[in-house]
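See structure below.
Here is the naming used below: chain letters follow the sequence lines, and residue numbers restart at 1 for every chain.
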There are 2 protein chains.
Amino acid sequence: MSDVKGNGLPSTAVFQLGTLGAVAESRFARAVEGLGLKPKHAGLMTALAAVAAESQQELAARLGVAPSLVVTLADQLEALGAVQRTRDVNDRRRQVLTLTEVGRALLARCEAVARALDEELLADLTPRQRAALAEALGVLTGR
Amino acid sequence: MSDVKGNGLPSTAVFQLGTLGAVAESRFARAVEGLGLKPKHAGLMTALAAVAAESQQELAARLGVAPSLVVTLADQLEALGAVQRTRDVNDRRRQVLTLTEVGRALLARCEAVARALDEELLADLTPRQRAALAEALGVLTGR
DNA sequence: TATTGTTATACTCTATAACTATA
DNA sequence: TATAGTTATAGAGTATAACAATA
C-alpha cells in the first residue's frame, strides 16, 4: 500500500500540471493549425472577446507578453480578418484592437475543438472526478 | 446564476491546463535555476531515478524528445556531476546513463522546491479540493 | 521629452541532417 | 550495411533594443 501523496517530484502538482499542460497545448496546437492559428492567437482573441483592447500595450500587459509579440500576433490575426485595428481618434498613436465577427466565429471553433479534446483527455476520469477537477481548475484560473 | 461548465474557451480543461502548466513551468524554472537546472533536466533525472537508461536513444524515446537533445541535457548534467556515462561493455556504441548520488540529491532539492511551490499554487483550494485535484491529476498522469 | 506601435536584431529551445565510431 | 552517439545546422518562438510617429 502506497502513500496517498506519493513520493518524488512526479507526485507534485507543479510537475504534473507542467506535464499535462505541455500535452494539452501541443494537442490543441495540432487541432487548430488547420484554422491558421496557434495557441497564442486563441489566447489573444480570448482576451479580446470580453473587452476590446484600449491599446496594444495594454493588451500586452494583460497577457504578460512583450508588446512586439502582440504586434506579430495581431498582424497575423488581422490577415485572417479576425481582428480589426482602428486608430484611436483621441490619441492617434494608439491602435484599438477589436474582435470581428470572423474572429468570434474562429474563437467558437477553437472552443468546439477544445471541448472535443477535453473528452479525449479526461476519458479516464469518472464524472465525479471530472467535476472535482473542473472545480479546482476554475478556482486556480480565477473564474 | 451561471452555468456550472461556464462558457467560452477559458472554461475548457485544455485551455486551463495549458495556462496553468505554463505558469507552473515558469515558476519551477525560476526556482531551480539557482541549482543550474532547467525543467527538462529535472525531467530527465526523474526518468533516470526509477531505472538507469539502457541507452540514450531509449531514454529519448521514453521522454518523447530528439536523441540530440538528450545529448545536450546529459552533457550539462554530467558537468554538474549529476549523471554518469559508462560505456556498455557488450555494445561499446551505447552509453549507459546512471543517476549519481549528486544527482539524487539535486532531484531531492527539486522535489522540495516543487512542494513549496505547490503550497503557493494551491493556496486558494480547500483541503477537499486539493485532494480531489491530486486524485484527478494522478489518474491523468498515470500514477 | 515621453509614449505607442513597429521593425531590427539577438537569444533560447529544439529538431533535422550530417558525421564518427562501433557493430 | 545498420545503429548509437555526437556535432552542425536550421527553424520556431519570443524578448530586447533601436526607430518613427504622435503627444
Side-chain angles (χ1 to χ4, degrees), chain A residues 18-19 21-30 32-34 36-45 47-48 52-79 83-98, chain B residues 18-19 21-30 32-33 36-44 47-48 52-79 83-98:
Chain A
T19 304
V23 170
E25 172 158 352
S26 80
R27 288 198 196 175
F28 183 72
R30 200 151 35 81
V32 296
E33 76 181 0
L37 299 175
K38 304 206 168 171
K40 299 259 158 162
H41 295 125
L44 193 155
M45 289 194 289
L48 238 44
E54 295 168 19
S55 75
Q56 293 183 186
Q57 302 226 354
E58 179 258 327
L59 184 59
R62 231 199 279 173
L63 294 172
V65 300
S68 61
L69 179 54
V70 172
V71 173
T72 305
L73 295 172
D75 281 351
Q76 294 157 346
L77 288 171
E78 196 178 32
V83 304
Q84 202 173 14
R85 280 180 166 111
T86 49
R87 288 271 168 206
D88 183 333
V89 287
N90 297 323
D91 184 344
R92 292 180 46 72
R93 291 173 304 181
R94 296 187 169 208
Q95 304 266 35
V96 179
L97 280 186
T98 320
Chain B
T19 305
V23 170
E25 172 157 352
S26 80
R27 288 200 196 172
F28 183 73
R30 200 152 35 82
V32 297
E33 77 181 0
L37 300 175
K38 305 205 166 167
K40 298 258 157 163
H41 295 124
L44 193 153
L48 239 44
E54 295 167 19
S55 74
Q56 292 182 186
Q57 302 225 354
E58 178 259 328
L59 183 59
R62 231 199 279 174
L63 294 172
V65 298
S68 60
L69 180 55
V70 172
V71 173
T72 305
L73 294 172
D75 281 351
Q76 294 156 347
L77 287 171
E78 195 177 34
V83 303
Q84 202 173 15
R85 279 180 167 111
T86 48
R87 288 271 170 205
D88 183 332
V89 287
N90 298 322
D91 183 345
R92 292 181 43 73
R93 292 173 305 181
R94 297 186 168 209
Q95 304 266 34
V96 178
L97 280 186
T98 320

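More than 12 heavy atoms of other residues, nucleotides or ligands sit less than 6.0 Å from atom CD of Q95(B). Taking a 6.0 Å sphere around CD of Q56(A), one finds it holds more than 12 heavy atoms contributed by other residues, nucleotides or ligands.
Qualifying salt bridge (Lys or Arg N to Asp or Glu O under 4.0 Å) partners for R87(B), counting only residues two or more places apart in sequence or in other chains: none. Remark: V96(A) pairs with T86(A), D88(A), T98(A) by the side-chain contact (heavy atoms from CB on, under 4.5 Å) rule, at least two apart or across chains. Listed by chain and residue number, R62(A) satisfy the side chain to side chain donor-acceptor pair (under 3.5 Å) test with E58(A) (two or more places apart in sequence, or in another chain). Annotation: side-chain contact (heavy atoms from CB on, under 4.5 Å) contacts of V65(A) (sequence neighbours excluded): L63(A), L69(A), V70(A). Every residue two or more places apart in sequence or in another chain that forms a side chain to side chain donor-acceptor pair (under 3.5 Å) with Q76(B) is listed here: H41(B). Remark: D91(A) engages R93(A) in a side chain to side chain donor-acceptor pair (under 3.5 Å) (not counting sequence neighbours). For E78(B), the side chain to side chain donor-acceptor pair (under 3.5 Å) partners are R85(B), not counting sequence neighbours.
When the P atom of dG5(D) is taken as reference, atom CD of E78(B) falls 13 Å away, rounded to whole Å. Residue K40(A) contributes atom NZ, which lies 8 Å from atom C1' of dT14(D) at whole-angstrom precision. Put simply, CD on E25(A) is 17 Å from P on dA12(D), counting in whole angstrom units. The nearest whole Å value for the distance from the CG atom in D75(B) to the P atom in dA8(D) is 12 Å.
On the nucleic acid side, DNA chain C contacts chain A at distances under 4.0 Å to non-hydrogen atoms, with the end points of that region at dA2(C) to dT7(C).
Sequence order on DNA chain D of the closest nucleotides to V96(B) and V65(A) puts V96(B) first from the 5' end.
Nearest heavy-atom pair across L97(B) and A52(B) is O-CB, 3.3 Å.
Considering CD of E25(A) and OG1 of T19(B), their distance stands at 9.0 Å, rounded to 0.5 Å.
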Can you check each nucleotide of nucleotides 16-23 of chain D against protein heavy atoms at under 4.0 Å and return B for base, S for sugar-phosphate only, - for none, in 5' to 3' order?
-> B-----BS
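Heavy-atom distances under 4.0 Å link DNA chain D to no residue of residues 54-61 of chain A.
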